[in-house]
Amino acid sequence: MNNQFLISPIRDYFHEYQAKIQQRPLLLAGLIILVFMCFIAIFAPFVAPHNPDEQSLKNRFMGPCLEYPLGTDQFGRCILSRVIYGSQTSLAVAVITTTIVVVIGLLVGLYAGYYRRLDGLLMRFTDIMLAFPSMVITLALVGILGPSVPTIILALAIPGWAKYARVVRSTTISLKTSGFVTSARALGAGDRHIIFNHILPNSLAPIMEIATLGLGGKIISIAGLGFLGLGIQPPTAEWGTIMNQGLPYMSKAPLITLSAGVMIVLFVLSTNLIGSEIRDLMDPKSNSITI
């Protein structure tokens, strides 16, 4: 009897969650693509048919075959293996960078919105960061510090947190005068408890949408740096670097560049689908807007 009481709510919740997903085919499609790409990134050593750095000059520019499903590049390396390992590199850098900017943006926005005396200083600094194009700052930092994984993460994180801080600040200002915050303060709760236990959980919904969309933007930025030769350096496989290396051989082996480009498009498509659906779920009125 006790097991039935435990299992029934879980089963009902699962069915309700499953129904919501099925009612949103775009969200389901985005999740399927994202889960698939995360799967091949995590299990790249088991999924890739070859070592991505293994060269075989006698097999240069081979076409698709059973041994090399997407052919080989100018060094005889398996294109499919390099694209799979490239997903591991690109997604890892994008996720780390997005996590850093979200955490910084949350902290700055929470403290700026809750403490009026800090608002002016923090928001003016945020305005300065928003005034400069983020890619200009990124290119300048990578050019000064040199291309490497830590440098790319730092260069993308420094200008990326400001938009999150703005959103969280506005949410915090509206929440700090709400009834549940006033009640918590009347019960003797301190500022830190109110900020992190009451305001922060209610500020995560809009951040989820921006972070999901931002994840795709980070992939494009990382690939853009790699395509310009300022990203993750060879022989490490990364989508933008693979496209850069394959560009001179488009007539001989177009799959070098196209395969990495398709992966970028699929990942950005999945994050955009998920982000837009999250926005619709947060704002039901947006469903009635037709453009």
Side-chain angles (χ1 to χ4, degrees), residues 93-145 150-186 188-222 224-225 271-272 274-276 278-283 285-286:
V93 175
V95 169
I96 293 171
T97 305
T98 303
T99 303
I100 292 173
V101 298
V102 168
V103 170
I104 295 174
L106 279 171
L107 292 176
V108 172
L110 286 170
Y111 281 97
Y114 193 83
Y115 296 107
R116 300 301 295 175
R117 62 181 181 274
L118 295 177
D119 187 33
L121 175 63
L122 292 176
M123 283 302 103
R124 296 299 76 76
F125 183 65
T126 303
D127 291 339
I128 292 173
M129 298 305 299
L130 289 171
F132 292 95
S134 59
M135 186 51 69
V136 173
I137 298 176
T138 300
L139 289 173
L141 289 173
V142 173
I144 293 171
L145 301 176
T151 300
I152 292 170
I153 293 174
L154 178 67
L156 291 173
I158 286 178
W161 58 268
K163 59 183 178 182
Y164 297 94
R166 271 290 179 189
V167 173
V168 175
R169 171 188 175 269
S170 62
T171 305
T172 303
I173 290 175
S174 62
L175 288 175
K176 73 177 184 178
T177 56
S178 59
F180 64 90
V181 172
T182 304
S183 300
R185 191 179 291 114
D191 289 345
R192 181 174 297 182
H193 178 86
I194 292 173
I195 290 172
F196 292 103
N197 291 83
H198 296 282
I199 296 178
L200 175 58
N202 289 280
S203 303
L204 293 179
I207 290 298
M208 288 174 58
E209 176 198 348
I210 303 174
T212 305
L213 296 172
L215 192 60
K218 292 294 182 295
I219 286 290
I220 293 176
S221 298
I222 295 165
L225 290 172
T271 55
N272 284 351
I274 295 171
S276 63
I278 290 175
R279 180 193 60 217
D280 292 343
L281 287 171
M282 289 183 344
D283 184 12
K285 292 184 293 184
S286 64

Measure the [atom1]-[atom2] distance between [X] and [Y] for me, rounded to the nearest 0.5 Å.
{"X": "Ile128", "Y": "Met123", "atom1": "CD1", "atom2": "CE", "result": "11.5 Å"}
{"X": "Leu225", "Y": "Leu156", "atom1": "CG", "atom2": "CG", "result": "6.0 Å"}
{"X": "Met208", "Y": "Ile274", "atom1": "CE", "atom2": "CD1", "result": "10.0 Å"}
{"X": "Ser203", "Y": "Phe196", "atom1": "OG", "atom2": "CZ", "result": "11.0 Å"}
{"X": "Arg169", "Y": "Leu110", "atom1": "CZ", "atom2": "CG", "result": "12.5 Å"}
{"X": "Ile153", "Y": "Thr99", "atom1": "CD1", "atom2": "OG1", "result": "10.0 Å"}

Is there any salt bridge (charged side-chain N to carboxylate O under 4.0 Å, His left out) pair reaching into residues 124-142, and which pairs are they, with sequence neighbours excluded?
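Output for this query lists Arg124-Asp127, Asp127-Arg166.
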All pairs passing salt bridge (charged side-chain N to carboxylate O under 4.0 Å, His left out) where residues 100-113 contributes a residue, at least two apart:
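Counting only pairs at least two positions apart or across chains, no salt bridge (charged side-chain N to carboxylate O under 4.0 Å, His left out) contact touches residues 100-113.
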Quick check against the 3.5 Å criterion: does Ser170 have a side-chain atom that pairs as donor or acceptor with the backbone of Val167?
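Confirmed, Ser170 side chain pairs with Val167 backbone.
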Hey, is the main chain of Ala94 close enough, under 3.5 Å, to the side chain of Thr97 for a donor-acceptor pair?
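Side chain of Thr97 to backbone of Ala94, a donor-acceptor pair under 3.5 Å: no, none is there.
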Chi angles and distances behind the side chain to side chain contact (heavy atoms under 4.5 Å, CB included) call for Ile199, Ile194:
CA-CA 6 Å; Ile199 296 178; Ile194 292 173; 4.1 Å; yes
I'd like to check the side chain to side chain contact (heavy atoms under 4.5 Å, CB included) partners of [X]; sequence neighbours left out, ordered by chain and number.
{"X": "Leu106", "value": "Val102, Val168, Leu200, Leu204, Ile207"}
{"X": "Ile104", "value": "Ile100, Val108, Trp161"}
{"X": "Leu154", "value": "Leu145, Ile158"}

Kindly write out the residues that satisfy ring-ring contact (aromatic ring centres under 6.0 Å, His included) with Tyr114, not counting sequence neighbours, or none if the list is empty.
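Partners of Tyr114 by the ring-ring contact (aromatic ring centres under 6.0 Å, His included) criterion come out as none, since no residue qualifies.
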Nearest heavy atoms of [X] and [Y], plus distance in Å:
{"X": "Pro159", "Y": "Ile137", "result": "CB-CD1, 3.9 Å"}
{"X": "Met129", "Y": "Ala162", "result": "CB-CB, 4.0 Å"}
{"X": "Ala155", "Y": "Val142", "result": "CB-CG2, 3.8 Å"}

Could you check whether any side-chain heavy atom of [X] comes within less than 4.5 Å of a side-chain heavy atom of [Y], counting everything from C-beta outward?
{"X": "Thr271", "Y": "Leu213", "answer": "no"}
{"X": "Thr138", "Y": "Ser221", "answer": "no"}
{"X": "Lys163", "Y": "Thr126", "answer": "no"}

Check the pair Ile195, Tyr115 against side chain to side chain contact (heavy atoms under 4.5 Å, CB included), reporting the backbone distance first and the verdict last.
CA-CA 10 Å; Ile195 290 172; Tyr115 296 107; 3.9 Å; yes
When you look at Ile173 and Arg116, which way does the side chain to side chain contact (heavy atoms under 4.5 Å, CB included) test go after all the steps?
CA-CA 9 Å; Ile173 290 175; Arg116 300 301 295 175; 3.5 Å; yes
